[in-house]
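Chain letters run A, B, ... following the sequence lines, proteins first and then strands; every chain starts at 1.
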Protein chains: 2
Amino acid sequence: MNETQAVSALSALAHAQRLRVFRALVVAGPEGLTPSILADQLDVARNTLSFHLKELAHAGLVTIEQQGRNLIYRAEYSRMNGLIGYLTEHCCQGGVCEVSPSSAICTTC
Amino acid sequence: MNETQAVSALSALAHAQRLRVFRALVVAGPEGLTPSILADQLDVARNTLSFHLKELAHAGLVTIEQQGRNLIYRAEYSRMNGLIGYLTEHCCQGGVCEVSPSSAICTTC
DNA sequence: ACAATGATTCAATAAATGTTGTATTATCGA
DNA sequence: TCGATAATACAACATTTATTGAATCATTGT
């Protein structure tokens, strides 16, 4: 993951509704969800949701599969891992990652 | 870290210049940097930098200390760890964190 | 006290982002 | 083929965010 990709992913997640959409997809797991279900679940207008899903897809955080007239959206875990890796790498460069051990995640630095 | 804080932090980092500013502060370590040095180093106008630093500070990602007429900005590692923790938690809820082992960071899930 | 320096604030403008309503495309079932 | 459904695309508008130049505030050194 490079800087451009990281900014793109961060930007996609930097919105409460999109973060909730992504979270719902993570919770849904490999089965994924259709836009209709997501719209009902999160109480968002369909066209607005479509816009946000497009943003997430553009950032590579979700994948789309067509099944008949439904689209199945799924969280792209590897992309999220890539983002977390990028942040961890940059966070840890100073070697002060263990400032707050209780909340530290990266056990390798 | 709650959703609002996460969105705030993500939003602060979702900008190439701010990400570079934060990165420079991480690299600088505990000594921190002054806005002048940052402005020279990253080639940004001082008032623009001031604006971005305020955004980072508002998101809790940097701290400010006054030393004479200089201000010392430092990366707030615990906040970054909190953000990474939040993302990891939500990424791992589906239990599919090991989709791409090579890039996986969170070794506990 | 005064000039110089470091940094921020403010107003104005430009650019990007988010939302809504309407229209369009594609698929399904009778 | 026709009506209904799932979803997106488009245009218009409102809102937010980013940048620039000029002005302000605080601190230092003479």
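- Counting to the nearest Å, the P atom of D:dA9 and the CG atom of A:L49 are 13 Å from each other.
- Contact between the side-chain N/O atoms of A:Y73 and the OP1/OP2 oxygens of D:dA6 is not found at any separation under 4.0 Å.
- Nucleotide D:dA6 holds its C1' atom 11 Å from the CD1 atom of A:I72, rounded to whole Å.
- Distance, A:R46 CZ to D:dT5 C1': 9 Å, rounded to whole Å.
- Hydrophobic clustering, with ILVMFWY side chains joined whenever heavy atoms are under 4.5 angstrom apart, groups B:L10 together with B:M1.
- Counting all heavy atoms, side chain and backbone alike, A:E3 lies closest to B:A16 at OE1-CB, 3.9 Å.
- The separation between B:N70 atom CG and D:dT27 atom C1' is 10 Å, rounded to whole Å.
- At a threshold of 4.5 Å between non-hydrogen side-chain atoms, the residues A:Q5 and A:Y86 do not count as touching.
- Atom CG of A:L33 and atom P of D:dA6 are 15 Å apart (whole Å).
- Spacing between atom CG of B:L42 and atom P of D:dT19 amounts to 13 Å, rounded to whole angstrom units.
- In this structure the side chain of B:T34 never reaches within 4.5 angstrom of the side chain of B:L71, judged on heavy atoms.
- Straight-line distance from the CD atom of B:E65 to the C1' atom of D:dA26: 17 Å, rounded to whole Å.
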Can I get a per-line list of side-chain donor-acceptor pairs under 3.5 Å for residues 37-55 of chain B, giving both atom names and the distance, sequence neighbours left out?
unit_1	atom_1	unit_2	atom_2	d
B:H52	ND1	B:R18	NH1	3.1

Can you give one letter per nucleotide of nucleotides 16-30 of chain C, 5' to 3': B if a protein heavy atom sits under 4.0 Å from the base, S if only from the sugar-phosphate, - if neither?
--SBBBB----BB--
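- Protein atom CD1 of A:I64 is 14 Å distant from nucleotide atom C1' of D:dA9, rounded to whole Å.
- The backbone N or O of A:G68 lies less than 3.5 Å from a partner atom in the side chain of A:Q66, making a donor-acceptor pair.
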